[in-house]
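Residue numbers start at 1 and run along the sequence shown. Just so we're clear, the structure is a prediction, and the values are computed from it rather than from any experiment.
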Amino acid sequence: MYNLILFGPPGSGKGTQSEKLIARYGLKHLSTGDLLRNEISKQTPLGQEAQNFMDKGRLVPDEVVIGMISTALESNPGAKGFLFDGFPRTAAQAEALDKLLDLKGTSIAVMLALEVGEEELVKRLLKRGETSGRSDDTNEAVIRARITEYHNKTAAVAEYYKKFDKVVMVKGEGTIDEIFEGLCAAIDKSKC
Ligand code: B4P
């Protein structure tokens, strides 16, 4: 199996690039943001709990997200690899992911970290908010709260994988195709 993490602050292009990467490499896409929004649209108890956090720009509690990822891994026994998008977002999630993959006899090959400046992030998310219907994209204070959560809780996840020499920084500004080529070059190198 080949498993990778696409990492970066909110609006850095994780969802956008994931679509292109799964098409090229045949990986199973697991986005915790998409999984949570699916629970919200079905109005499940998990979705109702998650919505309270997401509407404030806060991270959903670790146990909720880890349980969801565990179920998703079990539901895809034949996958040739996974692309984790927006997960892990805390050190506890990173440790849990390593254990879950270890049980399957596999591990993370590489973490690709997209680098984008804060004002560009805010601009992108406000623009998406004009059309996406996502309540967390329409309010600039909520967007800035998400970026603060990223600095306080999520940035440390890169430090966790740096200890294992698995982090590759990739320029996240430029055209979508330019960024995609940078990501593919890093993946191809990690496979050598
Ligand atoms: P996510 O769904 O993961 O969303 P995101 O971080 O906001 O966006 P992403 O990075 O995927 O967006 P993209 O840049 O592609 O999380 C939403 C919320 O869910 C979190 O705030 C949290 O509450 C909760 N959550 C999710 N996972 C969690 C976890 N593991 N633990 C706890 N809570 C969790 O797109 C942004 C915009 O930029 C798009 O409009 C796109 O078109 C545009 N764009 C992309 N690339 C561009 C480029 N090169 N140039 C210009 N625009 C670009």
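For the atom pair Ser12 OG and Glu173 CD, the distance stands at 10.5 Å (nearest 0.5 Å). To the nearest 0.5 Å, atoms CZ (Phe84) and CD (Gln93) are separated by 11.5 Å. In this structure, the separation between OH on Tyr150 and CG on Leu59 is 11.5 Å, given to the nearest 0.5 Å. Rounded to the nearest 0.5 angstrom, Leu100 CG and Thr106 OG1 are separated by 12.0 Å. Rounding to the nearest 0.5 Å places NZ of Lys104 at 5.0 Å from CD of Glu74.
Closest approach of Ala50 and Leu36 over heavy atoms only: CB-CD2, 3.8 Å. Across every non-hydrogen atom of Ala91 and Val157, the tightest pair is N-CG2, 3.9 Å. Contact record, Asp136 with Arg146: O-NH1, 2.5 Å, taken as the closest heavy-atom pair. Contact record, Ser31 with Asp34: OG-N, 2.9 Å, taken as the closest heavy-atom pair.
Between Pro88 and Ile66 the shortest side-chain heavy-atom distance does not fall below 4.5 Å. Taking 4.5 Å as the limit, some side-chain heavy atom of Ile176 sits within range of a side-chain heavy atom of Lys20.
At a threshold of 4.5 Å between side-chain heavy atoms, the hydrophobic network of Ile, Leu, Val, Met, Phe, Trp and Tyr places Leu97 and Leu83 in two separate groups. Ile22 and Ile5 are members of different hydrophobic clusters when ILVMFWY side chains are connected at heavy-atom separations under 4.5 Å. Hydrophobic clustering places Leu4 together with Val168 (ILVMFWY residues linked when any side-chain heavy atoms are closer than 4.5 Å, directly or through intermediates).
In this structure, Lys171 does not pair ionically with Glu120, as no charged nitrogen and carboxylate oxygen lie closer than 4.0 Å. Ion pairing of Lys163 with Glu159 is absent here, as no side-chain N (NZ or NE/NH1/NH2) approaches a carboxylate O to less than 4.0 Å. Under 4.0 Å is where a charged nitrogen must lie from a carboxylate oxygen, and between Glu118 and Arg124 no such pair does. Looking at Lys14 and Asp85, no side-chain N of the basic residue comes within less than 4.0 Å of a carboxylate O on the acidic one, giving no salt bridge.
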